[in-house]
Amino acid sequence: MDKELEIEKKYKVKRLPKNLDEFEHKIIEQSYLNKGGAPIRLRKFIKEEQIQCILSKKVRVAEGSFECIEHNIQLPENIYQELLNAKEGRIIIKTRYKIPLQNGLNVDLDLFHGFFEGVCIAEIEYKSVEQANDYRVPEWLGEELTNSEKLANSYMATQASSVSEYEEFILNKS
């Protein structure tokens, strides 16, 4: 099992970067297990012809913190498919673009499909708490939204009742 500390913040996206499709990207299918308990994430990454399935659990270091510990277990695709039968709510489908920044950082830009079509949220994973507190994000990103419950993918998958809850996060690709 892989375990790593993540220091990440979520941001509103004011506009998409130009030439978006030129950046590295992959499709992510994501759903959640454990009704009523701490969510366990079930993910499938599709990049070109490669498929990677992962079972993961993310735990915040402290309430309201942007630090979390993530535990990951690789799964064969057939086990992933079997676990889907126990999912709670909907499957989230999104394209994740990896957009390089200075200082070795990247923006993970998620464009959602299906139920959340057009919703766009960005995330930056930092190397330290100090860097996360001091970093000036690119001008195409807006306010920090790290602790917004409704932007947690587990909430989106299991509790969101309508895409209208996310109107302020829907962007046109043009």
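Note that this is a predicted model, so its numbers are computed, not measured.
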S.K.: Is any side-chain heavy atom of Phe116 less than 4.5 Å from a side-chain heavy atom of Leu111?
M.R.: no

S.K.: Going hydrophobic residue to hydrophobic residue with side-chain gaps under 4.5 angstrom, can you get from Tyr32 over to Phe115?
M.R.: no

S.K.: Apply salt bridge (Lys or Arg N to Asp or Glu O under 4.0 Å) to Glu77 and Lys44, showing your working.
M.R.: CA-CA 8 Å; Glu77 189 172 6; Lys44 180 177 181 178; 2.7 Å; yes

S.K.: Please determine whether side chain to side chain contact (heavy atoms under 4.5 Å, CB included) holds for the pair Leu141 and Ile124, giving the CA-CA distance in whole Å, both sets of side-chain angles, and the decisive distance to 0.1 Å.
M.R.: CA-CA 11 Å; Leu141 293 179; Ile124 299 175; 4.1 Å; yes

S.K.: Take Tyr80 and Gln52 through the side chain to side chain donor-acceptor pair (under 3.5 Å) test and state the conclusion after the steps.
M.R.: CA-CA 10 Å; Tyr80 169 86; Gln52 178 185 25; over 6 Å; no

S.K.: For Leu101 and Val107, what are the C-alpha separation, side-chain angles and deciding distance, and is it a side chain to side chain contact (heavy atoms under 4.5 Å, CB included)?
M.R.: CA-CA 7 Å; Leu101 301 172; Val107 172; 3.5 Å; yes

S.K.: As an exercise, state the distance from OG of Ser162 to CD of Glu167, rounded to the nearest 0.5 Å.
M.R.: 7.5 Å

S.K.: Walk me through whether Gln102 and Tyr135 qualify under side chain to side chain contact (heavy atoms under 4.5 Å, CB included).
M.R.: CA-CA 10 Å; Gln102 68 273 22; Tyr135 192 76; 3.3 Å; yes

S.K.: Should Leu33 and Phe45 be counted in the same cluster of Ile, Leu, Val, Met, Phe, Trp and Tyr side chains packed under 4.5 Å apart?
M.R.: no

S.K.: Ser31 and Leu84: side chain to side chain contact (heavy atoms under 4.5 Å, CB included), yes or no, with the steps?
M.R.: CA-CA 8 Å; Ser31 56; Leu84 272 181; 3.4 Å; yes

S.K.: Quick check against the 3.5 Å criterion: does Thr95 have a side-chain atom that pairs as donor or acceptor with the backbone of Ile27?
M.R.: no

S.K.: Quick check: do Glu29 and Ile46 have side-chain heavy atoms less than 4.5 Å from each other?
M.R.: yes

S.K.: Any idea which heavy atoms bring Ala132 and Phe66 closest together, and the distance?
M.R.: CB-CE1, 3.5 Å

S.K.: State yes or no: do Ile28 and Leu151 share one hydrophobic cluster built from I, L, V, M, F, W and Y residues joined by side-chain heavy-atom distances below 4.5 Å, directly or via other members?
M.R.: no

S.K.: Taking the side chain as every heavy atom from C-beta outward, state whether Glu6 and Glu8 have any pair of such atoms under 4.5 Å apart.
M.R.: yes

S.K.: Begin from the C-alpha positions of Lys98 and Glu24 and carry the test salt bridge (Lys or Arg N to Asp or Glu O under 4.0 Å) through to its verdict.
M.R.: CA-CA 5 Å; Lys98 187 178 216 87; Glu24 177 184 333; 5.4 Å; no

S.K.: Please determine whether residues Ile93 and Ile54 belong to a single hydrophobic cluster, defined as Ile, Leu, Val, Met, Phe, Trp and Tyr linked transitively by side-chain heavy-atom distances below 4.5 Å.
M.R.: no

S.K.: Taking the side chain as C-beta and beyond, is there a heavy-atom pair between Val129 and Glu67 under 4.5 Å?
M.R.: yes

S.K.: In Å, rounded to the nearest 0.5 Å, how long is the span from CD of Glu143 to NZ of Lys10?
M.R.: 13.5 Å

S.K.: Among Asp21, Asp110, Asn106, Asp108, which residue meets the side chain to side chain donor-acceptor pair (under 3.5 Å) test with Tyr97?
M.R.: Asp21

S.K.: How long is the gap from SG on Cys53 to CG on Leu75, to the nearest 0.5 Å?
M.R.: 6.5 Å

S.K.: Indicate yes or no for a side-chain donor-acceptor contact from Lys87 to the backbone of Gly89 under 3.5 Å, with no hydrogens or angles considered.
M.R.: yes

S.K.: Among Glu149, Glu165, Lys150, which residue meets the side chain to side chain donor-acceptor pair (under 3.5 Å) test with Tyr155?
M.R.: Glu165

S.K.: Please tell me if the side chains of Ile99 and Trp140 come closer than 4.5 Å, counting only heavy atoms from C-beta onward.
M.R.: yes

S.K.: Has Arg90 got a side-chain atom pairing as donor or acceptor with Ala160's backbone, closer than 3.5 angstrom?
M.R.: yes

S.K.: Any non-hydrogen side-chain atom of Ile91 less than 4.5 Å from a side-chain atom of Leu42?
M.R.: no

S.K.: Would you say the side-chain atoms of Lys94 and Asn153 include a donor-acceptor pair closer than 3.5 Å?
M.R.: yes

S.K.: Got a second to check how far Ile7's CD1 is from Cys68's SG, nearest 0.5 Å?
M.R.: 9.0 Å

S.K.: Taking the side chain as every heavy atom from C-beta outward, state whether Leu105 and Tyr126 have any atom pair closer than 4.5 Å.
M.R.: yes

S.K.: Compare every heavy atom of Lys18 with every heavy atom of Phe23, then report the nearest pair and how far apart it is.
M.R.: CE1-O, 3.8 Å

S.K.: As a test of understanding, state which of Glu70, Gln30, His71 forms a side chain to side chain donor-acceptor pair (under 3.5 Å) with Arg41.
M.R.: Glu70

S.K.: Are Ile121 and Tyr166 close enough that some pair of their side-chain heavy atoms sits under 4.5 Å apart?
M.R.: no

S.K.: Enter the distance from Glu144:CD to Lys12:NZ here, rounded to the nearest 0.5 Å.
M.R.: 14.0 Å

S.K.: Is there a donor-acceptor pair closer than 3.5 Å between any side-chain N or O of Gln131 and the backbone N or O of Lys127?
M.R.: yes

S.K.: Mind checking whether Val119 and Ile92 sit in one hydrophobic cluster, side chains of I, L, V, M, F, W, Y counted as touching below 4.5 Å?
M.R.: yes

